[in-house]
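Index from 1, following the sequence.
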Amino acid sequence: MWMPPGQNQSWVSEFILLGFSSDPTTNRTLFSAFFLLFLSSILGNGLIITLICLDTHLHTPMYFFLCILSLLDMGCVTTTVPQMLVHLLSRSQTISFAGCWLQMYMFGALALTEGFFLVVMAFDRYVAICYPLHYTVILSWGLCTRLSAGTWACGFFSSLIHTFFTMRLPYCGPNMVNHFFCEGPSVRNLACMDTHVIEMVDSVISVLMVVAPLLLIVASYIRIAQTIFKIKSVQARCKAFSTCASHLIVITFFYAPATYIYMKPNSRYSPEQDKHVSLFYNIFSALLNPVVYSLRNKDIKVAFLKVMGKGRVIC
């Protein structure tokens with residue numbers, strides 16, 4: 001639906017999210033699959049948050065950060081997946097302009113916050129391995145709180161800039177977004193003006209929000225690797241590497257698809273590919289994170305068995 005503000009021009013008041021298929025049978029199958037993935041993601045991340053809150057042995061900076069990561073993952077999938085599930089079973093696949101604006105902003109804010117937060121988690125591993133005797137002194141609860149609050153503030157402010165520049169573009173039709181949610185590049189592709197300037201702005205933001213954090217993570221792990229290779233005991237060296245493995249897997253799941261989506265030039269824009277890549281870092285990443293941390297983490301397993309065995313954990 002378009003709203004004509006003037007004689008010769010019309011403005012889009014809503015968008016149509018095309019999703020993955022227009023076939024009802026296929027959509028019902030996709031609904032079942034995505035609903036199970038969504039439910040598993042919510043339950044998995046919710047379980048990690050619950051275990052960390054209940055077990056006092058997990059009240060350390062590392063698990064405090066893991067708890068926030070799980071909260072961010074839950075927020076990301078909740079921002080996009082429920083509406084996608086509704087659209088899979090509904091004949092109407094529309095989203096209002098304001099709804100699209102809000103969805104783009106919230107998903108961007110949570111995703112950017114998670115990207116920054118992975119840097120904080122890399123810093124946590126750096127301090128734990130390079131300065132183990134001073135770990136609790138350096139990573140005091142005050143510093144942990146400030147680091148967490150800083151990542152949230154940066155993520156939500158950065159997303160506001162990105163969303164503002166994208167949604168202030170003139171959209172005068174067509175209004176069909178070839179995606180399952182309002183993601184920046186897919187919506188911007190519908191603007192009825194030259195988007196060269198906004199693409200340059202987005203490129204600068206992408207460098208600051210994707211490349212810069214990634215470089216900080218790489219720098220942290222270079223120092224970590226240097227420290228680990230100095231350890232003479234093979235067993236201690238393997239244990240140190242093992243503490244970083246889960247974080248490295250999560251970083252790969254998050255930054256590989258995000259870099260593909262936001263760092264490639266607009267000339268290589270492919271709606272179908274972007275949809276599937278976005279699906280991976282939106283849904284599958286949030287599902288895999290609790291699996292990675294629960295299967296590779298002895299403390300999480302012990303906390304789970306304690307809750308299941310005793311029925312309670314003393315806080």
Between the side chain of S41 and the main-chain N/O of L37, is any donor-acceptor distance below 3.5 Å? no
Report the residues that fulfil side chain to side chain donor-acceptor pair (under 3.5 Å) with Q83, sequence neighbours left out, ordered by chain and then residue number. Q103
Does L17 share a hydrophobic cluster with V86, counting links as ILVMFWY side-chain heavy atoms below 4.5 Å and allowing steps through other members? no
Any chance you could measure S40, atom OG, to L287, atom CG, to the nearest 0.5 Å? 6.0 Å
Quick one: disulfide bond (SG atoms under 2.5 Å apart) partners of C182, sequence neighbours excluded? C100
Between the main-chain N or O of R28 and the side-chain N or O of S32, is there a donor-acceptor pair closer than 3.5 Å? yes
Could you pull out all donor-acceptor pairs under 3.5 Å where a side-chain atom in residues 226-234 meets a protein atom, sequence neighbours excluded?
from, atom 1, to, atom 2, distance (Å)
T227, OG1, R223, O, 3.0
S233, OG, Q235, N, 3.4
S233, OG, A236, N, 3.3

So which atom in T79 and which in G75 form the shortest heavy-atom distance, rounded to 0.1 Å? OG1-O, 2.7 Å
Show, in sequence, the C-alpha distance, side-chain angles and deciding distance for L216 and F123, and conclude whether the side-chain contact (heavy atoms from CB on, under 4.5 Å) test is met. CA-CA 9 Å; L216 289 173; F123 176 68; over 6 Å; no
Would you list the pairs meeting side-chain hydrogen bond (donor to acceptor under 3.5 Å, both in side chains) in which at least one residue belongs to residues 138-164, sequence neighbours left out? H162-D202
Evaluate whether atom OH of Y135 has more than 12 neighbouring non-hydrogen atoms of other residues, nucleotides or ligands under 6.0 angstrom away. yes
To check you understand the geometry: which heavy-atom pair defines the closest contact between P82 and V77, and what is its length? CD-O, 3.3 Å
What about L85 and L36, same hydrophobic cluster or not, with Ile/Leu/Val/Met/Phe/Trp/Tyr joined at side-chain heavy-atom distances under 4.5 Å? no
Spacing of M74 atom CE and L43 atom CG [to the nearest 0.5 Å]: 8.5 Å
Assess whether side-chain contact (heavy atoms from CB on, under 4.5 Å) is satisfied between L88 and F180, documenting all intermediate values. CA-CA 10 Å; L88 286 172; F180 63 91; over 6 Å; no
Show your reasoning for whether ring-ring contact (aromatic ring centres under 6.0 Å, His included) applies to F34 and F20. CA-CA 12 Å; F34 290 145; F20 295 97; 5.7 Å; yes
Which residues pass the ring-ring contact (aromatic ring centres under 6.0 Å, His included) test with F254, sequence neighbours left out? none
Closest approach of I224 and C244, non-hydrogen atoms and distance? CG2-SG, 4.0 Å
Do F64 and V302 share a hydrophobic cluster, counting only Ile, Leu, Val, Met, Phe, Trp and Tyr and linking them when any side-chain heavy atoms are less than 4.5 Å apart? no
Residue list, side chain to side chain donor-acceptor pair (under 3.5 Å) with S285, at least two apart or on another chain: none
Residues sharing V137's hydrophobic cluster, by side-chain heavy-atom contacts under 4.5 Å among ILVMFWY, directly or via others? none
Closest non-hydrogen atoms of P213 and G115, given as atom of the first, atom of the second and distance, are CB-O, 4.3 Å
Looking only at non-hydrogen atoms, find the nearest pair between C76 and F107 and report the distance. O-CD1, 4.0 Å
Would you say that N175 contacts Y171 through its side chain, given a criterion of any heavy-atom pair below 4.5 Å between the two side chains? no
Trace of the side-chain contact (heavy atoms from CB on, under 4.5 Å) decision for M62 with L66: CA-CA 6 Å; M62 180 180 119; L66 178 57; 5.8 Å; no
Backbone of C53 reached by a side-chain donor or acceptor of Y63 within 3.5 Å: no
When you compare the side chain of T94 with that of F15, does any pair of heavy atoms fall below 4.5 Å? no
Could you state the interatomic distance from CG (D124) to CG (L118), rounded to the nearest 0.5 Å? 12.0 Å
How many angstroms lie between CG in L143 and CD1 in I138, if you round to the nearest 0.5 Å? 9.5 Å
Please report the interatomic distance CZ(F97) to CD1(I95), rounded to the nearest 0.5 Å. 11.0 Å
What residues, two or more places apart in sequence or in another chain, satisfy side chain to side chain donor-acceptor pair (under 3.5 Å) together with Y105? none
Under-2.5 Å SG separation for cysteines C172, C192: yes
Run the side-chain contact (heavy atoms from CB on, under 4.5 Å) check on I300 and L58 step by step: do they pass? CA-CA 8 Å; I300 294 289; L58 302 181; 4.2 Å; yes
I want to check something: taking the side chain as every heavy atom from C-beta on, are T80 and I283 in contact at a cut-off of under 4.5 Å? no
Quick one: does N45's side chain have a donor or acceptor within less than 3.5 Å of a partner on A286's backbone? yes
Report the C-alpha distance between Y126 and Y221 in whole Å, list the side-chain angles of each, state the deciding distance to 0.1 Å, and finish with yes or no for ring-ring contact (aromatic ring centres under 6.0 Å, His included). CA-CA 7 Å; Y126 164 73; Y221 273 100; 9.7 Å; no
Can you list, by chain and residue number, the hydrophobic cluster partners of I222 when the side-chain cut-off is 4.5 Å? V218
Which pairs count as ring pair (Phe, Tyr, Trp, His ring centres under 6.0 Å) when at least one residue sits in residues 65-92, sequence neighbours excluded? F65-F117
Who clusters with M176? Use side-chain heavy atoms, under 4.5 angstrom, across I, L, V, M, F, W and Y, and order the result by chain and number. I16, L18
Looking at side-chain heavy atoms only, is the closest gap between E183 and V187 below 4.5 Å? no
With T78 via side chain to side chain donor-acceptor pair (under 3.5 Å) - residues at least two apart: none
Got T113 and C154 here, is their nearest side-chain heavy-atom distance under 4.5 Å? no
Using side-chain heavy atoms (C-beta onward) and a distance below 4.5 Å, is I48 in contact with C67? no
Quick one: does K275's side chain have a donor or acceptor within less than 3.5 Å of a partner on G19's backbone? yes
Under 4.5 Å between any side-chain heavy atoms of F35 and L39, yes or no? yes
Residue pair H179 / F181, side-chain heavy-atom distance below 4.5 Å: yes
Run S96 and E14 through side-chain hydrogen bond (donor to acceptor under 3.5 Å, both in side chains) and show every step you take. CA-CA 4 Å; S96 67; E14 62 184 21; over 6 Å; no
CD1 (I68) and CD (E114) are apart, to the nearest 0.5 Å, by 11.5 Å
Where I49 and S70 come nearest, the two heavy atoms and their spacing: CG1-CB, 3.7 Å
